[in-house]
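Throughout, a chain's letter reflects where its sequence line sits, starting with A, and its residues are numbered from 1.
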Amino acid sequence: MENTTAAPAAVNPKRKAVFGLVHTALFAALIAGGTFIAIPLPFSPVPIVLQNFFALLSGLVLGPFLGAAAVALYLLAGALGAPIFAGAAGGFVQFLQPSGGFLWGYLLGAIAAGLITGCPVARRNVSRIRIAAAAVAGLLLVYIPGIIQLKFVLDIGWAGAATAGFLPFIIGDAVKGAAAVLITPRLRRIVSDQVHG
Amino acid sequence: MAETVFSLRNITKIFPNGNRALNGVNLDIAAGECLIIAGSNGSGKTLLMRILAGLSDPTEGEILFKNRPAGQHTRELRSFLGFVFQDADAQMLGETVAEDAAFGPKNLGLSAAGQRAEDSLKAMGLEDKKAYSPRRLSGGEKRRLAVAGVLAMGCETVIMDEPFANLDWPGVVQVLEAIRSLKEAGKTVIILTHELEKVLAMADRLVILDKGHIRGSGRPEEVLDRLKPEYGIRDPRKSYAAAGDCTWLDR
Amino acid sequence: MAETVFSLRNITKIFPNGNRALNGVNLDIAAGECLIIAGSNGSGKTLLMRILAGLSDPTEGEILFKNRPAGQHTRELRSFLGFVFQDADAQMLGETVAEDAAFGPKNLGLSAAGQRAEDSLKAMGLEDKKAYSPRRLSGGEKRRLAVAGVLAMGCETVIMDEPFANLDWPGVVQVLEAIRSLKEAGKTVIILTHELEKVLAMADRLVILDKGHIRGSGRPEEVLDRLKPEYGIRDPRKSYAAAGDCTWLDR
Amino acid sequence: MARSVIPYSYRPGNSLLHRLPAGLKFLGLLGISLATFFFGPWALAGAAALILAGSLIAGIKPWELFCGSRMLLISAGLVVLIRSVQFTPLGFDTEGCVAGLVFAGVLMVSFCAASLLFSVTTMAELRDSAAKAEGLLLIAAAALLKPLKPSWSRAVSERRKKPVIALVLTLMLGFLPRFFEIWNTSEEAYRARGGRKGIKQILVLVPLVSERMLETAGETAAAFEARGSLL
Ligand SMILES: Nc1ncnc2c1ncn2[C@@H]1O[C@H](COP(=O)(O)OP(=O)(O)OP(=O)(O)O)[C@@H](O)[C@H]1O
Ligand SMILES: Nc1ncnc2c1ncn2[C@@H]1O[C@H](COP(=O)(O)OP(=O)(O)OP(=O)(O)O)[C@@H](O)[C@H]1O
Ligand SMILES: O=C(O)CCCC[C@@H]1SC[C@@H]2NC(=O)N[C@@H]21
Ligand SMILES: [Mg+2]
Ligand SMILES: [Mg+2]
């Protein structure tokens, strides 16, 4: 492991802006790439996806602003028709689907995770515990809009919404969270190095 | 004496892990000169040029472009300086070879960007591959495209990082021709390479980097006369055998 | 005559865009031989070796490994054949240099994987960079790591695609030493390169590829005697000047 | 196995479809995804026919549009299977099966439509179209703001010079095929050094590919800068 002394303080503002654009685009692309793995469940309109993993990673690695920007960009591209929502679906009508609330949830999750870990340029090293806390918060917040929309679109009770929209994903999300915690420090270091030049 | 276009003052780069990759490097580059920078793997050649081009920031020191801090005129700097990256893959931006070669001139707002791209692709022997995706090219073809994409920009100064790697002999000759015509047009050329025997005849000056220090700078013959083994450079005037190994020439 | 380990029969590769990159190539590789494959950029060298290694499928033709179709025993093939990629970046798998070098031997379940990795890193002069991330290395250091990672696997056959690109002279000597000790251990070595002058003395056989056809195969001197300009190869016995351009040696 | 076609990658050509304005093609994609969603099987059949015709015009073998969709095919198959099986009591659910098939159809059609779009449109073209659209939106916004907040209006109309959204959007779409390429080359490297298929492969490749993508992004930023873009 590379031991770290203080990173140089000055950051070239132009470089920061350029990398802001590129990193946002990159993480949006990673979230989109996750579309290739979507496992449907027999009893729920919500599939198991890889996208909440990458959305979480956006927040953990890029911090609240760019993390949110990456998710927003992903949502925009999907709304415009690129087939990048779960199971290669596309178009803004996906926001009206039963599972559409989770799309807003990605945004919320990324912001929450990013607020806890902070911007990688200012804070190059963040403790594992903090990252783990951020991951848990980021994963859970996805469900708030997700379950609310599920309940009202399907017109079912809260218990039903939780059964269809929360319980089946606990184990999978735990694995994704663990993986995210493992690779976040490495990726944050790269982002910070790149922006510092 | 020709005008100094770039001036590197006391450039030091210390990475977060404590690695001092450059140690107080001073280097002036004169308009119209052909400069070769050599030195062992990891000596800091690429890093120094990235700093010169504003792609990386030094920990200490400053870069003057036409006697003013380089940060002050980025747009002018961009159209003035072309950089052939060591990793050709990293440089490809277009979806087709033709588009990639036209990328630079288009961005700089040059007229006839397509024609410029076409000419430089021809100069690098890629005219048959114009419709290919750059990612489908062979290693040497990628290098050719990297060179062509920068030649098309018509910059006053061109940096080439390992331009001969992966090239076949006709490719080497094409790069040498390109360097020759840049020189004839009075442009500044900086070449980073390990293959001195191929290009040293073109050079006005040879600079040796070693562990982030400049160990020699001057007329090629003079610098070569003071070569030390730790610089990792084979004197191209000596046979391969004399340089310490059994290769074709001593068998 | 030594046993034939690999046999390529009538290999043809046609890409979806109609490009016939290989045209009925036949090639037998004998155990213990040191073979150099040369040819111009885009002639199909890398592609042919990718097909040999099972990383790409030929449109037509078959690959025999120890006289049986190669597909039948991929597992054995993997531990038998090491491949140094032309693009060193594409080959890095570990988080640190040490981990990367140990990746191959660990996967093959070799004993003392760490020790093997260490030895081969040392042979390639990377012992100081063990704790680095491979992505932080310079171009030549990446190449060294790519070679070290394959040497550590201790394969019976090693393919090296442009092993000298970006290497400084000590690095070239280290690769040559590695090739020499592979040969002494009776292993098969296949080298794809444009830099014949560096390595031809090691070769038992030289094969020339041109536009996907084999144009010559045999003892190096004989093949070189029948060289045509379109093969894109400079005869290393001739000076640079004689090969058609002004470089150091004719100035 | 190394694939010769990479999902979402551009296929050079000069067909009618290649030459059509990028914005128009993107609208077509939007139309297809909406139509298949709202109008069910008939729209689906129409869209499929359209895509088939398009691929033939573009000189792309129709089945190549499916490249990279293995995961998707599996998940579509699963949907059909799950919808067709009645659990209590166990039996075959014809209605569910049809609904499942339609759903799978929507998935495949929208995938192929996008696949076709990316095969015949370069990111540079898409960027120019998106920049135009962004410019128009900004002009409209500026006009709306003018009576209310003239200073904001001017600021909004200034932004037209740097169409940031168009730029990041196309950057993102451009990174998509890189993702698959890097996954492929990493998988090759993994296998060439004795790696086996299975969970370990995923564990090695996911962080590796994320890291390589990030490095690629850094290199792309440097290349953009060095070649006069993003000024
Ligand atoms: N982020 C980093 N942290 C620590 N060291 C680094 C980092 N990035 C690069 N280096 C080191 O800086 C040194 C200089 O690298 P550079 O690429 O300039 O070498 P080079 O002279 O171009 O070598 P080559 O001939 O191999 O291309 C290398 O030893 C490299 O390992
Ligand atoms: N998917 C593809 N479609 C069409 N042509 C391709 C594709 N992939 C590779 N090629 C072509 O196949 C040819 C053979 O490439 P290969 O990499 O084997 O060349 P090489 O002999 O190794 O060249 P170099 O010396 O430059 O490394 C090249 O001309 C390349 O453009
Ligand atoms: O693209 C969509 O339509 C949204 C799918 C949402 C799936 C949710 S995200 C949180 C939870 N974990 C999963 O693996 N799937 C669900
Ligand atoms: Mg270098
Ligand atoms: Mg090759």
Contact origin within Leu182(A) toward chain D - heavy atom pairs under 4.5 Å: neither
Ion pair check, Glu181(D) and Arg178(D), cut-off under 4.0 Å: yes
Least distance between heavy atoms, Tyr190(D) atom then Leu205(D) atom: CB-CD2, 4.4 Å
Residue Phe53(A) versus chain D: region with a heavy atom under 4.5 Å: side chain
Pairs of heavy atoms under 4.5 Å with chain D: top-ranked of Leu30(A), Thr24(A), Leu80(A): Leu80(A)
Parallel, tilted or perpendicular: rings of Tyr74(A) and Tyr106(A) (30°, 60°): tilted
Heavy-atom pairs under 4.5 Å with chain D, option from Val61(A), Ile183(A), Leu73(A) with the top count: Leu73(A)
Geometric class of the Phe95(A)/Trp104(A) ring pair [parallel <30°, tilted 30-60°, perpendicular >60°]: tilted
Residue part contacting chain D, namely of Ala79(A), when any heavy atom lies under 4.5 Å: backbone
Partner chain A: residue of Ala114(D), Gly31(D), Ala222(D), Gly218(D) with the largest heavy-atom pair count (under 4.5 Å): Gly218(D)
Straight-line distance of Leu173(D) CG to Arg127(D) CZ, nearest 0.5 Å: 12.5 Å
